[in-house]
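First the structure, in the form of structure tokens, and then the observations on it.
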Amino acid sequence: MQITLPDGSVKSYDRSVTALDVARDIGPRLAEAAIGAKVNDQLWDINRPLPGDCKLAIITRPRLEKDGKTKGEHNPDALYLLRHSTAHVMAEAIQRLYPAAKLAYGPPLENGFYYDISLEAPISSEDFPKIEAEMAKIIAENRQFIRYELPTPDGMKRVATEGNKYKIDNAKRAVDGGAATLSWYVTGEPRRIRKASGEEFFFITAGPVTSTNTFCVPTSALQGSVLDVSKKQEHVSGDFVDQEAPHWQWEDLCMGPHVPNTGVIGAFKVTSVASSHWHGNVDSDRFQRVYGTAFFSKADLDAHLNQLDEAKQRDHRVIGQKLGLFVIDEMVGQGLVLWKPRGGMVRTLLQEFLQRELLHRGYDMVFTPHIGKIDLYKTSGHYPYYAEAQFPPIKMRDHVGGTGGDEEYILKPMNCPHHIRIYASDPHSYRDLPVRLAEFGTVYRFEQSGELSGMTRVRGFTQDDAHIFCTQDQVKHEFRATVELVQFVFDVFGFKDVSIRLSLRDPASDKYTGAPELWDQAERELREVLQEMKVSYTEAKGEAAFYGPKTDFIVKDVIGRKWQLGTVQLDYNLPERFKIEYIGADNKPHRPVMIHRAPFGSMERFMAILIEHYAGAFPLWLSPEQVRVLPISEKFTAYGQKVTQALSDAGFRVRLDESGDRVQAKIKVAQDLKVNYMLVVGGKDEAAQAVSIRCRTRGDLGAVPIQAFVDKAKNELATNGRDLVGL
RNA sequence: GCCACCUUAGCUCAGUGGUAGAGCGAUGCUUUCGUAAAGCAUAGGUCGUGGGUUCAAAUCCCACAGGUGGCCCCA
């Protein structure tokens, strides 16, 4: 057997070996730290015989710093194994506490793991300590994870015997996916029984012993952590001279792999419980989804929990409240955002910034109303396709005209139909194209109540929307220009962790409108442009808009949820539905192509992410309050007013703190509000006609003449923050 | 929409069946102060809403509303 190690060296064996055997041959310290392996880039149990010639990398537990934290970066593979194993430990603990619990599915996650479990009574956070205590016992017992495999017919029989329909389903899926065997992991060495003849057997049982869920194998069948069950017997007869008392033994149908034993789990926590559904289907069985996380050390866990706490402080809902940026008022309605003056200032600045950029890039601004007649949306396809996501129609009767008919309007769920009608209001020559119509257009969607969340998911929001009408020849150029616009915008705000998703239709679904050939063409063109631009992206089937494929820009919020911000969508369908035209060089009518695009996505969601991105500390150009003047006592209020006026005249957003507080208190207040610069003014400053600058991050920067501060601050704006005041 | 949990002063929160509390904020007075909270005083609450149990409910039960975490959804 030829084993190729990561450094390229090769080890040869003429016998079956496990990754641990190889690790031992390399060095005792490696073997000591080894908890798993990667075999041909696939995770593998450290004690499982290697499959033959292969590439092998040993996964070790991390080295710890003096303070107990992992040295350097966490190894995702090591954490994966650890958390997958901890999920088993938690499931066992829950089954011990609630014997009726049926397990469904328990994968590791980026920051932890969960297990979907069917329980008779729901559990709550009050039950966590009990579960954690039970887990701690299992970990203290330092039990081995032992793997055994059964050929699929035998394996299916075994899951059927256990009678857990979810596991039966998991097994069926594995078999349908081509698995030749099914594997189980036993937590802990099984009970041993010994016959008078000296033969020793493991007595394998799933959960509490019954007549049907047990079998026996000779103890010699345990090699490494793998139990060879090819010689299993349902019953062993004869005289037993030594028999361990029946004890609880736990196993789970599982692909693995796992860490070698439960003792590897250094620190863990059950973090939350929520509900989920079998196969994600609402009409199907409901599970308790119990979340937890695990680390190799207590210090790592504490650091992680601290980080979560800090993230909570960065949450836009928390900061929005603290800084007075926005409020969502019960009396106004769910999911309807009220932008308070400070938030409104930021939004105005965002709009000014983008609008300047759009005008520069050949867009025209338009305005359209918030409602439209229902036929408009029937033509566009919104109404029949997404009726349940819209506010119900407003019925109007024409009393004055007496025509007697009812007219129905809906709050617009999208701006495109209105923009299409603007396009259609004039004849167009190919010479006019592309036509780029932009609007900060407010739309209303009746999102499910359970989905609403701060400013990231709301029922009324304003898209920084635009629709580009162009010829087929112009599509790729225009599409590329819009993607570049989105990239430009994200760059201005310093968003680094952005993923690009090419959202395609799911050919199996019937929720899309338009001919498949047009979809294929649009999807092909988007893909080509992204490839030409050499941007990395992932493709997501089924994520397209109902009228066309799109390129979405996804960012994460502070608690790790992913949100789509910018989007660029290619659309052959709406021009067709509205039968819009332009006259080509051949003097014949042609159908233009539409591109929908929104760099921010919506003002609300963008603002939410921006608040979290900056932790509320907006850069000078975006700050609702750039400067606050702080007289050291009320005696200097008059001079403070003079300074405030000078700054205001110079175009800055500035306030004077006229309270009777001491300057320390004024600073505290201004710091908490994340004001960029505080100007402390007292007798010395007045005498010199100066201001003492304090920066919210860099503290006291010393005194300068008023005009000098104005110039420095203007320079900071002009250089987009590269030249900071005080440097 | 579904499941679980939560809702007490403007904000953050304590209060597990027996007369509603704290800190911050607000207001007033004193202090007139040089870089992250001066001192004192006062006001502010039918404890989300409605119903029920009880001699007695912020506290227990039910319904509704809103929020949070998930699920489903997401043009």
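Numbered from 1 within each chain, the chains take letters A, B, ... in sequence-line order.
- To the nearest whole angstrom, the two P atoms, one in B:A9 and one in B:U46, are 9 Å apart.
- No engagement by A:L630 is indicated, since no non-hydrogen atom pair under 4.0 Å with the nucleic acid exists.
- Residue-level contact check: A:G699 touches neither bases nor backbone, having no heavy atom under 4.0 Å from any strand.
- Straight-line distance from the CD atom of A:E634 to the P atom of B:G34: 14 Å, rounded to whole Å.
- Aromatic ring centres of A:Y547 and A:H596: separated by under 6.0 Å.
- In this structure, the CD atom of A:E110 is 17 Å from the C1' atom of B:G70, given to the nearest Å.
- A:R286 comes within 4.0 angstrom of the backbone, heavy atoms only, and of no base.
- In this structure, A:Q334 reaches the sugar-phosphate backbone alone: every heavy-atom distance under 4.0 Å involves primed, P, OP1 or OP2 atoms, never a base.
- A salt bridge is defined here as a Lys NZ or Arg NE, NH1 or NH2 lying under 4.0 Å from an Asp or Glu carboxylate O, and A:D169 with A:K165 fails to meet this definition.
- Below the 3.5 angstrom threshold, one finds a donor paired with an acceptor across the side chain of A:S275 and the base of B:G70.
- Screening residues 438-460 of chain A for ring pair (Phe, Tyr, Trp, His ring centres under 6.0 Å), with sequence neighbours left out, gives A:H370-A:Y444, A:F391-A:F446.
- A salt bridge does not link A:K373 with A:E408: none of the charged nitrogens is closer than 4.0 Å to a carboxylate oxygen.
- In this structure, A:R457 reaches the bases: a heavy-atom distance under 4.0 Å links it to at least one base atom across the strands shown.
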Exercise. What does nucleotides 5-16 of chain B look like as a protein-contact string, B for base, S for sugar-phosphate only, - for none, at under 4.0 angstrom between heavy atoms?
Worked result: ------S-----
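- Between the side chains of A:T513 and A:N573, not a single donor N or O lies within less than 3.5 Å of an accepting N or O.
- Shown for residues 600-610 of chain A: no residue has heavy atoms falling under 4.0 angstrom of RNA chain B.
- A salt bridge is absent between A:E447 and A:R459: the closest approach of a Lys/Arg side-chain nitrogen to an acidic carboxylate oxygen does not fall below 4.0 angstrom.
- Between the C1' atom of B:C3 and the CG atom of A:L119 lies a distance of 13 Å, rounded to the nearest Å.
- Applying the ring pair (Phe, Tyr, Trp, His ring centres under 6.0 Å) rule to A:Y677 yields the partners A:F709; only residues at least two apart in sequence or on another chain are considered.
- A search for side-chain contact (heavy atoms from CB on, under 4.5 Å) contacts involving A:E539 returns A:L502, A:L504, A:R527, A:Y537, not counting sequence neighbours.
- Going from atom CG of A:D375 over to atom OH of A:Y409 covers 10.5 Å, rounded to the nearest 0.5 Å.
- Remark: the separation of the C1' atoms in B:G45 and B:A26 is 15 Å, to the nearest Å.
- Here the C1' atom of nucleotide B:C71 and the CZ atom of A:R561 are 14 Å apart, to the nearest Å.
- Legend: residues meeting side-chain hydrogen bond (donor to acceptor under 3.5 Å, both in side chains) with A:Q626, ordered by chain and number and at least two apart, are absent.
- The pair A:D520-A:R505 counts as a salt bridge, with a side-chain nitrogen and a carboxylate oxygen less than 4.0 angstrom apart.
- For the segment residues 437-450 of chain A, residues with any heavy atom less than 4.0 angstrom from an atom of RNA chain B are, sorted by number, A:R445, A:Q448, A:S449, A:G450.
- Residues from residues 662-674 of chain A with heavy atoms under 4.0 angstrom of RNA chain B, sorted by number: A:R662, A:V663, A:Q664, A:A665, A:I667, A:K668, A:Q671, A:D672.
- Within 4.0 Å of A:D661, counting heavy atoms only, lies no atom of the nucleic acid at all.
- Using bins of under 30°, 30° to 60° and over 60° for the plane-to-plane angle, the ring pair A:Y377/A:H418 lands in the tilted bin.
- The aromatic rings of A:F469 and A:H467 are tilted relative to each other, their planes meeting at an angle between 30° and 60°.
- Distance noted for atom C1' between B:G17 and B:C13: 22 Å (whole Å).
- The gap from the C1' atom of B:C24 to that of B:U59 amounts to 26 Å, rounded to the nearest Å.
- If you check every strand for non-hydrogen atoms under 4.0 Å, A:G542 touches nothing.
- By the side-chain contact (heavy atoms from CB on, under 4.5 Å) test, A:S275 is found to be paired with A:R286, residues two or more places apart in sequence or in another chain being considered.
- Between B:G50 and B:U7, the distance separating the two C1' atoms is 15 Å to the nearest Å.
- For the pair A:L336 and A:V332, the tightest heavy-atom approach, listed with the atom from each and the gap, is CD1-O, 3.7 Å.
- Among the atoms of the strands shown, none is found under 4.0 Å from any heavy atom of A:K322.
- Annotation: B:U8 and B:G66 have their C1' atoms spaced 15 Å apart (nearest Å).
- Whole-Å rounding puts the A:E330 CD to B:U49 P distance at 10 Å.
- Applying the side-chain hydrogen bond (donor to acceptor under 3.5 Å, both in side chains) criterion to A:H382, with sequence neighbours excluded, gives A:S380.
- Using a 4.0 Å heavy-atom criterion, one finds that A:Y291 contacts the sugar-phosphate atoms exclusively.
- One interatomic measurement links the two molecules: OH of A:Y639 to C1' of B:G34, which rounds to 14 Å at whole-angstrom precision.
- Of the C1' atoms belonging to B:C47 and B:U31, the separation is 38 Å, rounded to the nearest Å.
- On a pure distance criterion of 3.5 Å, no polar donor-acceptor pair joins the side chain of A:S272 and the base of B:G69.
- In this structure A:V458 satisfies the side-chain contact (heavy atoms from CB on, under 4.5 Å) test together with A:V337, A:F461, A:E604, sequence neighbours excluded.
- In this structure, A:Q390 and A:V691 both approach RNA chain B, and ranking their closest nucleotides by distance from the 5' end singles out A:V691.
- Atom-to-atom, CD of A:Q288 to C1' of B:C2 comes out at 13 Å; the value is rounded to the nearest Å.
- Here the P atom of nucleotide B:C74 and the CE atom of A:M414 are 14 Å apart, to the nearest Å.
- Within the model, atoms CZ of A:R457 and OG of A:S602 stand 11.0 Å from one another, a figure rounded to the nearest 0.5 Å.
- On a pure distance criterion of 3.5 Å, no polar donor-acceptor pair joins the side chain of A:R696 and the base of B:A36.
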Exercise. Which dot-bracket notation, 5' to 3', represents the base pairing of RNA chain B when pairs are defined as Watson-Crick or G-U with both distances under 3.5 Å, crossing pairs as [ ], and inter-strand pairs as |?
Worked result: (((((((..((((....[..)))).(((((.......))))).....(((((..]....))))))))))))....
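- In the interface, the side chain of A:D685 is paired with the base of B:G34 through a donor and an acceptor atom under 3.5 Å apart.
- For the residue pair A:D116/A:Y166, the side-chain donor-acceptor check at 3.5 Å is not satisfied.
- When the P atom is used for both B:C5 and B:A41, the distance is 43 Å, rounded to whole Å.
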